[in-house]
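Scroll down for the structure; my scribbles are underneath it.
Residue numbers begin at 1 in each chain, while the letters A, B, ... track the order of the sequences.
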Amino acid sequence: MLDIRALRQDGEAIKTALTKRGYTLDLDAFASLDAKRKQADIRSQELQADRKKASRQVGELIKSGMAVEDAKSQVAETLQTIDAELDREVASAKAIQEEIREFLMGIPNVPQDAVPAGNDEEDNVEVRQWGTPKTLPFEPKDHVDVGEALDGGLDFERAAKLSGARFSVMSGGLARMHRALIDFMLDMHSDEHGYQEVYVPFLVGPEALRGTGQLPKFAEDLFKMEGERELYLIPTAEVPVTNLAADEILEADTMPRRYTCHTPCFRSEAGSHGKDTRGMIRQHQFEKVELVQMVRAEESDAALEALTGHAEAVLQKLDLPYRVVILCGGDLGFSSSKTYDIEVWLPSQQRYREISSCSNFQDYQSRRMQARWRNPETGKPELVHTLNGSALAVGRTLVAILENYQNEDGSVTVPEALRPYMRGLERLT
RNA sequence: GGAGGGGUGGCAGAGUGGCCGAAUGCACCGGUCUUGAAAACCGGCGACGGGAGACCGUCCGUGGGUUCAAAUCCCACCCCCUCCGCCA
């Protein structure tokens, strides 16, 4: 959510910045709503002040010895006049405030200056590359062919039997490698990058989803539970972990907060029919290790660079070639002010595919969820800046390993860094 | 699922109809003292919105209601705690 005061003061500048992501801000609609709000607000406050005064008068009269009924009749007429108008004014002030809130909730975050212009992923700009895409001495198979050929391995048919398309079953060594990856990533972020591991609910209420920005606009991307309580399967650990700070005022000495968390993620993929239908690139259920940070405003730019580096470190240790791109305005997520995607090399597709997305939300999420910290210099609560990034999407990491580490005989070499997590196993066959 | 207790400022915790946005303690900030720190003492200190400001309004889990007046009384819901039952 944007700062309403910023919108009043710098509306034009914000509108211009938002065009970079293809969003047209209706400033006139906002201005007229805001003017209506102010009028209703001022009037209802006046009436309330008058009403309070009259009520207090009654108390004083009674205390000074007047009979209760007499005291009441002193102000009865005034109150009657006030009440008639007050109900109306308060109701309309409330309604307008709610309208403004919904209006604000529907505006995406303002892209930072560094965000390049552009419409879609074609316009994202490469920032750096790491490693050299391997040229395999044989025709590379894709991860489905590699995985299905393994003993145990990948099984999409049985997954479909259970749950339909976009699910997978893994068994044997592959299932173990999947689990090992989670362990490997969590250990790395905890031991080397200074994150605290957390375990959180996989079902959350609507408020948490409003806080991070999935609701109200993107309900169709979520799986909603049946039942008397309104609960949703989390689409990412970002939702429960970031909302840990919701409605809280963090003490300065507990900042910055850095959390790492492994959760399954559930996405309806409503808008992506026919996209990545083969294999486990795009699933309704997948595992992810997430990084979340809550930092002071002036630290968030540096924090995004560091966080992206922490995600990159996973790929480096696994020796998987990748590149980092900065998302253009048109490809930028709703709540983000700046996002780096990390893309891993897939030999079968001869191109880089997204495996991580690292974003700085600045105060956009924290304003929605009222996540603040107490600045000792002012003594006042200030909104934190929130960031998060995948480090990494586990399923896609597995895909990358299957493809980059495949051998001509159909086996898959276990990356060296992962072997301690697989009891020394060197090869999946 | 049954019975009882409770949700108040950053935290703990008073407050059962008007003098309460709210005692007190801790934490925090400023000062005195000190070579410095601690301790002690003095002062300050909730959040949000509006206003240039004086100041005004809202907020005591949430939503309704009673009343001239609600943190306080009534109703519903949510959450937490204790005991019993069930259970991985």
Gln80(A) atom CD: more than 12 heavy-atom contacts under 6.0 Å: no
Rounded distance in Å between the P positions of U62(B) and U24(B): 25 Å
Counterpart base for A47(B), defined by Watson-Crick or G-U wobble contacts under 3.5 Å: U58(B)
Interatomic distance at P, C80(B) relative to C28(B), whole Å: 31 Å
Pairwise C1' distance for C41(B) and C60(B), with rounding to whole Å: 33 Å
Mutual orientation of the aromatic rings belonging to His193(A) and His310(A) [parallel < 30°, tilted 30-60°, perpendicular > 60°]: parallel
Atom-pair distance (CZ on Arg374(A); P on G9(B)), nearest Å: 12 Å
Distance between P atoms of A37(B) and G31(B) (Å, rounded): 11 Å
Glu192(A) atom CD, over 12 foreign heavy atoms within 6.0 Å: yes
G6(B) and C74(B), which share atom name P, separated by this distance in whole Å: 12 Å
Salt bridge (charged side-chain N to carboxylate O under 4.0 Å, His left out): pairs with one or both residues in residues 176-185 of chain A, sequence neighbours excluded: none
Interatomic distance at P, C48(B) relative to G53(B), whole Å: 16 Å
Letter per nucleotide, 5' to 3', of nucleotides 48-54 of chain B [B base touched, S only sugar-phosphate touched, - untouched; heavy atoms, 4.0 Å]: SBSS---
Asp247(A) CG - A47(B) C1' separation (whole Å): 12 Å
Side chain to side chain donor-acceptor pair (under 3.5 Å) against Gln293(A), all qualifying residues, sequence neighbours excluded: Tyr195(A)
Opposite nucleotide pairing with C73(B), Watson-Crick or G-U, both atom distances under 3.5 Å: G65(B)
Sequence neighbours excluded - salt bridge (charged side-chain N to carboxylate O under 4.0 Å, His left out) pairs with any residue from residues 419-429 of chain A: Asp409(A)-Arg427(A)
For residues 2-14 of chain A, run the donor-acceptor check on the side chains, cut-off 3.5 Å, and write out each pair with its distance to 0.1 Å, sequence neighbours left out.
from, atom 1, to, atom 2, distance (Å)
Asp3(A), OD1, Arg5(A), N, 3.0
Arg8(A), NE, Asp34(A), OD2, 2.7
Arg8(A), NH2, Asp34(A), OD1, 3.2

Straight-line distance of Tyr322(A) OH to Asn404(A) CG, nearest 0.5 Å: 14.0 Å
Which pairs of donor and acceptor atoms, one on a side chain in residues 197-210 of chain A, lie under 3.5 Å apart (sequence neighbours left out)?
from, atom 1, to, atom 2, distance (Å)
Arg210(A), NH2, Glu102(A), OE2, 3.1

Per Lys94(A) side chain, nearest of listed nucleotides G10(B), G64(B), C56(B): G64(B)
Using a cut-off of under 3.5 Å, enumerate the N/O to N/O pairs linking the protein to nucleotides 58-62 of chain B.
from, atom 1, to, atom 2, distance (Å)
U58(B), OP1, Gln48(A), OE1, 3.4
U58(B), OP2, Lys52(A), NZ, 2.9

Summary of salt bridge (charged side-chain N to carboxylate O under 4.0 Å, His left out) pairs that have at least one residue in residues 151-170 of chain A, sequence neighbours excluded: Asp155(A)-Arg158(A)
Short N-O contact, Asp221(A) and Arg267(A), less than 4.0 angstrom: no
Could you list the protein-to-nucleotides 86-88 of chain B atom pairs, N/O on both sides, closer than 3.5 Å?
none

Distance between P atoms of C59(B) and U72(B) (Å, rounded): 11 Å
Verdict with supporting geometry, Thr16(A) and Thr19(A), side chain to side chain donor-acceptor pair (under 3.5 Å): CA-CA 5 Å; Thr16(A) 306; Thr19(A) 57; 5.9 Å; no
Pairs meeting criterion salt bridge (charged side-chain N to carboxylate O under 4.0 Å, His left out) with involvement of residues 325-339 of chain A, two or more places apart: Glu305(A)-Lys338(A)
Scan nucleotides 66-71 of chain B against the protein and return all N/O pairs shorter than 3.5 Å with their distances rounded to 0.1 Å.
from, atom 1, to, atom 2, distance (Å)
C68(B), OP1, Lys72(A), NZ, 3.0
C68(B), O2', Ser55(A), OG, 3.0
A69(B), OP1, Arg51(A), NH1, 3.3
A69(B), OP1, Arg51(A), NH2, 3.2
A69(B), O4', Ser55(A), OG, 3.3

Listed partners of Glu251(A) passing side chain to side chain donor-acceptor pair (under 3.5 Å), at least two apart: none
Complement of G4(B), any strand, by Watson-Crick or G-U distances under 3.5 angstrom: C81(B)
Pair partner, A40(B) [Watson-Crick or wobble, under 3.5 Å]: U32(B)
Gap between atoms CD and P, on Glu377(A) and C28(B) respectively (whole Å): 16 Å
